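For reference, the structure is listed below as structure tokens.
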Amino acid sequence: MSRKASAGAEYTLRSLGSLMGERRRKQPEPDAAGAGERSLLAAEPGAGLERAGAGGDLERAARRQFQQDETPAFVYVAAVFSALGGFLFGYDTGVVSGAMLLLKRQLGLDALWQELLVSGSVGAAAVAALAGGALNGACGRRAAILLASALFAAGSAVLAAAGSKQALLAGRLVVGLGIGIASMTVPVYIAEVSPPNLRGRLVTVNTLFITGGQFFASVIDGAFSYLQKDGWRYMLGLAAIPAVIQFFGFLFLPESPRWLIQKGQTQKARRILSQMRGNQTIDEEYDSIKNNIEEEEKEAGSAGPVICRMLTYPPTRRALIVGCGLQMFQQLSGINTIMYYSATILQMSGVEDDRLAIWLASVTAFTNFIFTLVGVWLVEKVGRRKLTFGSLAGTTVALIILALGFLLSAQVSPPVTFKPVAPSGQNATCTRYSYCNECMLDPNCGLCYKMNKSAVIDSSCVPVNKASTSEAAWGRCENETKFKTEEVFWAYNFCPTPYSWTALLGLILYLVFFAPGMGPMPWTVNSEIYPLWARSTGNACSSGINWIFNVLVSLTFLHTAEYLTYYGAFFLYAGFAAVGLLFIYGCLPETKGKKLEEIESLFNNKLCTCGTSDSDEGRYIEYIRVKGSNYHLSDNDASDVE
Ligand SMILES: O[C@H]1[C@H](O)[C@@H](O)[C@H](O)[C@@H](O)[C@H]1O
């Protein structure tokens, strides 16, 4: 039974499709626009007018019809300005790989410094995401977004002007703090200002901006890679522009009305809510939020840290497990390894030119972006649960194909047929390897070879030039301009085999399936599943988990590949994804179209019964006030019934 019902107010329970306790019964699917507007008497918008018999119902149905057409442009403006935080998150995480190619040469960075600059900001993001919960709760979403954009701007300026590696590290850490705060705040803010029927779509737009930022970063990397000296300053510094735009935009944008109500600033909250809802009456939404907060405060008690209250109160504990689980499986299915190694996978498939591979990597980022757009379109049509499940199922299959591609390539990996003698003082470790795939698993080595028709001949495994991976440290492939005229080829990171296209196919399928669901849904679902008192903390924890697993997966990939080989690593990710499928099937309820205040009741049942239990999308339950408290728990019905 819902917490509201147990709170002493007297309710009658009405339901369209099924009553409490009944199993799911199939309802006609509302269309996207009406997803949040399921009526008591009409499950589909549009059917409302015909079916509403009584005068009050008719009026309500008409009002609903009117309301759903009118979402003020203001909501979209607020969503787009906050999603600039997503863009910066994507840009700053994406741009660093290209910048690093130039930086390591210009500043002579060793592996440790490269690692620090790449992972430092991700680590800082994890810390800031975890700390961002307290910041959000105490100062509000708007202040947190303003702080994030200020950090992005300041960090980018430091990076653009950096004169030493220490300054670069400081800049990356500051940017990382911005990424962490933005990643946990922006989805919450968008969810709180959006009307229920658009919420999923608008929060998903934030992930569209993340992947858009990553794509834009890859184009900028490609463009500035020609500017060998100082190109990295532009790559890293350009992020200041959207950061400044967001900062000034947010000076004019309002605080989340839900947060204001929680803090007792009710007049201001009413004003902002009516601005956000245009011509719609806001009384019901306002009362619903306010009563919900009062109920929550009564029931959850205000003693102790929020995280302890969340863990001891079963519905929020379950929501937290679902939220963190989704973020963990998003990262464990290997998205960032795929993005990072896409250039390698493309090279394996026969793209030998380094520059071309960089440009093709931006095609990968573009695919991720475009298919996130498909997610924006689908989220209100098919709902979060089906979209996430379908997406992860496809991702699992794609990972298996990718792994098979690497496996087949390893099996026909060309043997090393020529063992040159290392010049004195030079490293000869690479010459020990007997097959190309062994040579490739050692990051210090590459293959130098000739081709006879499509067969690899005269191949040797030699050390890579530390300053430029496009040539060897010594031997036939030592000088790129020279060996290219001599029909000698150099492969760093890939083995030329006839099965490489399988890996390419796996890569494309991976992005096509991952981007619409597993990419955005963990963020979208997390922005919806916690009650207001636990929302900032819940999002802080789940975003923190996302960043922690992001670091873990990216940092361990090369070692995993060394121990398990490439195909082993991808089979491992496929295994994680398969476990994630069971988790989603069992534990993820449908939140589509529900008011944020209603979602908590989805977690009243024992965890991981969603696949079979009645707390799923087929149920349309409505509590109507009979007397006493002046609100009800319903699927967007706007009136009080005495
Ligand atoms: O949702 C995003 C998105 O899918 C990005 O492409 C990925 O790099 C992030 O790690 C993820 O959180």
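None of the values given here were measured: they were computed from a predicted structure. Counting starts at 1 for both ligands and their atoms, in listed order.
Remark: aromatic rings of Phe549 and Phe329 are distant, center separation not under 6.0 Å.
In terms of heavy atoms, Leu88 sits closest to Ala243 at CD1-CA, 3.7 Å.
Shown in contact with Phe514 at under 4.0 Å from a heavy atom are these atoms of ligand 1, numbered in order with element: 4 (O). Residue contact check: Thr207 has heavy atoms under 4.0 Å from atoms 1 (O) of ligand 1.
Considering only non-hydrogen protein atoms, atom 6 (O) of ligand 1 sits nearest to Gln214 OE1, 2.8 Å. Annotation: atom 8 (O) of ligand 1 to nearest protein heavy atom, Asn336 OD1, 2.6 Å.
For the salt bridge (charged side-chain N to carboxylate O under 4.0 Å, His left out) with Glu192, the lone residue among Arg142, Arg258, Arg141 that qualifies is Arg141.
With respect to Glu528 and Arg199, a salt bridge is recorded, a charged nitrogen being found less than 4.0 Å from a carboxylate O.
Using a non-hydrogen distance threshold of 4.0 Å, Met339 does not register as a contact of ligand 1. The shortest heavy-atom distance from Gln327 to ligand 1 is not under 4.0 Å.
In terms of polar-atom proximity, defined here as any N/O pair under 3.5 Å, Thr211 makes no such contact with ligand 1. Among the atoms of Phe89, none of the N or O lies under 3.5 angstrom from an N or O of ligand 1.
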